[in-house]
*Asks:* 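The structure's right below; bear with me while I get my questions together.
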Amino acid sequence: VAIVGSGASGLAAGTEASRAGAHVIVVDENMMPGGQLFKQIHKFFGSYKHYAGIRGYEIGKELLEEAKKSGVEILLNSYVCGVNGRNLAVAEVGSVRWLKSKQIIFACGASEKLISFPGWTLPMVMCAGAAQTMVNVHRVLPGRRFLMVGAGNIGLIVAYQLLQAGAEVVAIVEALPHIGGYDVHASKVRRAGVPIMTSHTIKEAHGKDRVEEATVVALDDEMKPVPNSESKFDVDAICLAVGLKPNLELLLSAGCKTMFLPAIGGRVPIHDENMETTINDVYVAGDAAGIEEASTAIEQGRLAGVAAAYKLGYLSKSAAEGMKATFSETLSDLRSGPFAEQRKLAKEELIKTAQRMKGL
Ligand SMILES: Cc1cc2nc3c(=O)[nH]c(=O)nc-3n(C[C@H](O)[C@H](O)[C@H](O)COP(=O)(O)OP(=O)(O)OC[C@H]3O[C@@H](n4cnc5c(N)ncnc54)[C@H](O)[C@@H]3O)c2cc1C
């Protein structure tokens with residue numbers, strides 16, 4: 001079993017397939033395994049039965065430990081740059097080689113969405129995840145005075161982590177009339193003195209060789225700029241936290257079909273209840289399967305790992321069915337709250353479409 005990505009979903013998938021007896025190789029482009037989790041120094045939101053209140057990097061350590069114990073092999077500094085059938089082209093320093101497998105699990109995460117505006121290509125306009133990687137992984141504070149665009153969980157959390165790292169956040173602007181992230185994160189930044197300006201967006205970034213100033217504008221009920229409502233902020237960095245989208249390139253190269261479901265990130269790969277895509281023996285899990293949370297990424301990874309191991313004959317039908325039922329039940333628990341309603345409906349639609357396409 002070849003797995004692309006050593007984040008929450010890839011590690012969980014690898015553990016299950018390896019525990020069942022399969023030879024599992026997880027490939028990751030980074031020098032450290034763990035994906036997003038090792039950047040997350042905050043206590044996780046979500047279900048208390050499922051990691052809520054535990055810091056992201058601690059969850060990562062636990063998953064990594066579990067994967068290593070089960071015998072998963074992890075190939076780091078290795079970038080999967082192509083797919084041919086069930087084989088992956090893996091680029092390492094100075095060479096590209098083929099990794100032959102019988103089952104592939106794409107657990108390759110997500111990328112940040114962008115918005116464009118005059119000045120958006122100036123140095124120091126960056127995605128919030130990039131700023132978080134610089135601060136929490138590389139220990140580099142990329143600016144001193146930030147404007148954050150987007151008050152979803154990522155915008156709120158990264159704004160707080162920039163404050164913790166010693167930067168100033170002059171404001172968080174949010175185009176919607178309400179905050180998208182959880183109250184607990186919004187309250188923390190507000191207590192630290194950061195204003196959250198709803199119904200506002202960035203109009204322009206100014207500067208000669210890099211960001212020196214930002215213009216913000218109010219939006220009316222139709223999301224149109226309100227005339228003469230501009231205000232200027234003296235900043236040296238602008239972070240965009242305007243959503244995530246699944247990394248689809250490899251799935252598309254493999255021939256997997258997609259559909260458009262805005263509630264889980266836009267264009268997403270069609271997959272069935274076992275996380276199998278429209279191509280036999282090719283699975284997807286985690287953010288790559290639609291944007292949700294680490295907890296759902298883990299359970300989806302476990303489902304894909306068990307399904308792949310079963311297909312290879314390492315598990316009996318009843319053992320595989322039993323495990324899949326447990327993971328599926330946890331997944332529906334995790335999607336049961338009001339915050340998850342839209343995601344749950346989108347996932348149901350994906351699965352129904354996959355079943356229709358497979359003639360089930
Ligand atoms: C700021 C922030 C805060 C968050 N807070 C929470 C929270 O409180 N609670 C919660 O449940 N979730 C939270 N999340 C979401 C959570 O971190 C993710 O949903 C989860 O970690 C996704 O796991 P994953 O395995 O799908 O992907 P990732 O962790 O992104 O792992 C994918 C891995 O694949 C690698 N990869 C991709 N393409 C290739 C390739 N071609 N070749 C080799 N390697 C490749 C990537 O480098 C990466 O290491 C947060 C996310 C962010 C950004």
Side-chain angles (χ1 to χ4, degrees), residues 2-14 25-47 50-57 59-60 63-64 67 74-83 88-92 99 104-112 127-133 135-137 148 150 152-162 181-182 184-185 239 241 243-244 246-251 253-254 264-265 275 284-302 304 334 339-340 343:
I3 301 178
V4 186
S6 70
S9 59
L11 291 175
I25 298 191
V26 176
V27 187
D28 199 291
E29 61 193 328
N30 293 299
M31 58 185 177
M32 264 170 47
Q36 287 293 322
L37 283 175
F38 280 97
K39 296 197 287 184
Q40 311 309 340
I41 57 173
H42 60 284
K43 290 185 179 166
F44 262 37
F45 47 76
S47 147
H50 211 275
Y51 296 117
I54 303 179
R55 295 184 195 279
Y57 69 89
I59 303 172
L63 290 174
L64 188 57
I74 303 177
L75 216 58
L76 296 172
N77 294 313
S78 304
Y79 179 70
V80 177
C81 57
V83 196
L88 299 175
V90 180
E92 290 155 327
L99 178 63
I104 299 180
I105 301 173
F106 288 111
C108 44
S111 305
E112 298 185 274
C127 289
Q132 192 188 42
T133 304
V135 170
N136 291 354
V137 178
M148 180 66 69
N153 279 321
I154 294 185
L156 297 171
I157 290 168
V158 174
Y160 192 73
Q161 292 177 358
L162 288 167
Y182 293 152
V184 58
H185 296 304
C239 278
L244 300 173
N247 283 332
L248 285 183
E249 293 82 354
L250 290 170
L251 285 129
S253 309
I264 50 174
M275 306 309 297
V284 64
D287 283 355
I291 309 304
E292 293 194 84
E293 294 174 354
S295 43
T296 43
I298 293 168
E299 295 310 308
Q300 291 179 358
R302 295 200 191 283
L334 289 168
F339 278 109
R343 291 195 269 127

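Read the numbers this way: they start at 1 and go in the same order the structure lists the ligands and their atoms.
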*Asks:* Should Asp287 and Ser9 count as side-chain neighbours, where that means a heavy-atom distance under 4.5 Å?
*Replies:*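 Asp287 vs Ser9: side chains apart.
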
*Asks:* Please evaluate residues Ile154 and Leu244 with respect to the criterion side chain to side chain contact (heavy atoms under 4.5 Å, CB included), reporting the C-alpha separation (whole Å), side-chain torsions for both, the decisive distance (0.1 Å), and the verdict.
*Replies:* CA-CA 10 Å; Ile154 294 185; Leu244 300 173; 3.7 Å; yes

*Asks:* If we ignore hydrogens and angles and just use 3.5 Å, is the side chain of Ser6 paired with the main-chain N or O of Gly34 as donor and acceptor?
*Replies:* yes

*Asks:* Atoms of ligand 1 less than 4.0 Å from Ala8 heavy atoms?
*Replies:* 23 (O), 25 (O)

*Asks:* Which ligand 1 atoms does Ser9 reach within 4.0 Å, using its non-hydrogen atoms?
*Replies:* 24 (P), 25 (O), 26 (O)

*Asks:* Looking only at distances, please establish whether an N/O atom of ligand 1 is found under 3.5 Å from an N/O atom of Gln36.
*Replies:* yes

*Asks:* Quick check on contacts: which atoms of ligand 1 are under 4.0 angstrom from a heavy atom of Gly5?
*Replies:* 33 (C), 34 (O), 35 (C)

*Asks:* Please confirm whether Ala128 approaches ligand 1 to less than 4.0 Å, judged on its heavy atoms.
*Replies:* no

*Asks:* Can you confirm, on distance only, whether ligand 1 has an N/O atom lying under 3.5 Å from any N/O atom belonging to Leu37?
*Replies:* no

*Asks:* Under 3.5 Å between any N/O of Asn30 and any N/O of ligand 1: does that happen in this structure?
*Replies:*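 By distance alone, the answer is yes.
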
*Asks:* Considering Ala13, Gly35, Ala107 one by one, which has a heavy atom nearer to atom 32 (C) of ligand 1 than any of the others?
*Replies:* Ala107

*Asks:* Are any side-chain N or O atoms of Glu112 and backbone N or O atoms of Gly129, one a donor and one an acceptor, separated by less than 3.5 Å?
*Replies:*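 Pair found, side chain donor or acceptor close to backbone of Gly129.
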
*Asks:* Is the closest side-chain heavy-atom distance between Leu334 and Glu299 below 4.5 Å?
*Replies:*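 A side-chain contact exists here, since the closest heavy-atom pair is under 4.5 Å.
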
*Asks:* Which ligand 1 atoms does Gly7 reach within 4.0 Å, using its non-hydrogen atoms?
*Replies:*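 Numbered from 1, ligand 1 contributes 25 (O), 29 (O), 31 (O).
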
*Asks:* Could you walk me through whether Leu162 and Met148 pass the side chain to side chain contact (heavy atoms under 4.5 Å, CB included) test, one step at a time?
*Replies:* CA-CA 10 Å; Leu162 288 167; Met148 180 66 69; 4.2 Å; yes

*Asks:* Run the numbers for me: atoms of ligand 1, each under 4.0 Å from some heavy atom of Gly286, listed by number.
*Replies:*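 Once the distances to Gly286 are compared, the set is 26 (O).
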
*Asks:* If only atom types and distance count, is the side chain of Arg343 paired as donor or acceptor with the main-chain N or O of Ile264 below 3.5 Å?
*Replies:*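 The answer is no, because no donor-acceptor pair under 3.5 Å joins these two groups.
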
*Asks:* Quick one: does Leu88's side chain get under 4.5 Å of Leu250's, heavy atoms only?
*Replies:* no

*Asks:* Polar contacts were defined as any N/O atom of the residue lying under 3.5 Å from an N/O atom of the ligand; does this apply to Ala297 and ligand 1?
*Replies:* no

*Asks:* Begin from the C-alpha positions of Gln161 and Asn136 and carry the test side chain to side chain contact (heavy atoms under 4.5 Å, CB included) through to its verdict.
*Replies:* CA-CA 8 Å; Gln161 292 177 358; Asn136 291 354; 2.9 Å; yes

*Asks:* Flag the pair Leu64 / Ile74 as yes when at least one side-chain heavy-atom distance between them is below 4.5 Å, and no otherwise.
*Replies:*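 Answer yes - side chains close enough.
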
*Asks:* Using a 4.0 Å heavy-atom threshold (strictly under), name the region of Leu250 that reaches ligand 1: side chain, backbone, both or neither.
*Replies:* side chain

*Asks:* Could you tell me whether some N/O pair between Asn247 and ligand 1 is separated by less than 3.5 angstrom?
*Replies:* no

*Asks:* Can you find a heavy atom in the side chain of Leu75 that is under 4.5 Å from one in the side chain of Glu92?
*Replies:*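 Yes; the side chains approach each other to less than 4.5 Å.
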
*Asks:* Between Lys39 and ligand 1, find which residue part has any heavy-atom pair under 4.0 Å and reply side chain, backbone, both or neither.
*Replies:* neither

*Asks:* Tell me whether Ile154 reaches ligand 1 (any heavy atom closer than 4.0 angstrom to a ligand atom).
*Replies:*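 Checking ligand 1 against Ile154, which is what was asked, there is a heavy-atom contact under 4.0 Å.
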
*Asks:* How does Ile291 reach ligand 1, by side chain, by backbone, by both or by neither, if only non-hydrogen atoms under 4.0 Å count?
*Replies:* neither

*Asks:* Just wondering, do Asn30 and Phe38 contact through their side chains at under 4.5 Å, heavy atoms?
*Replies:*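 Of all side-chain heavy-atom pairs linking Asn30 with Phe38, none is under 4.5 Å.
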
*Asks:* Has ligand 1 got any nitrogen or oxygen that is less than 3.5 angstrom from a nitrogen or oxygen of His42?
*Replies:* yes

*Asks:* Tell me which part of Ser78 gets within contact of ligand 1: side chain, backbone, both or neither, using heavy atoms under 4.0 Å.
*Replies:* backbone

*Asks:* Indicate yes or no: does an N/O atom of Gln40 lie under 3.5 Å from an N/O atom of ligand 1?
*Replies:*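 No, no N or O pair falls under 3.5 Å.
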
*Asks:* Short list, please: which atoms of ligand 1 are under 4.0 Å from a heavy atom of Gln132?
*Replies:* 1 (C)

*Asks:* Using a plain distance cutoff, I'd like to know if Tyr79 has any nitrogen or oxygen under 3.5 Å from a nitrogen or oxygen of ligand 1.
*Replies:*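 In this structure, Tyr79 places no N or O atom under 3.5 Å from an N or O of ligand 1.
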
*Asks:* Which is it for Leu76 and Asp28 under the side chain to side chain contact (heavy atoms under 4.5 Å, CB included) test, yes or no, and what are the steps along the way?
*Replies:* CA-CA 5 Å; Leu76 296 172; Asp28 199 291; 4.1 Å; yes

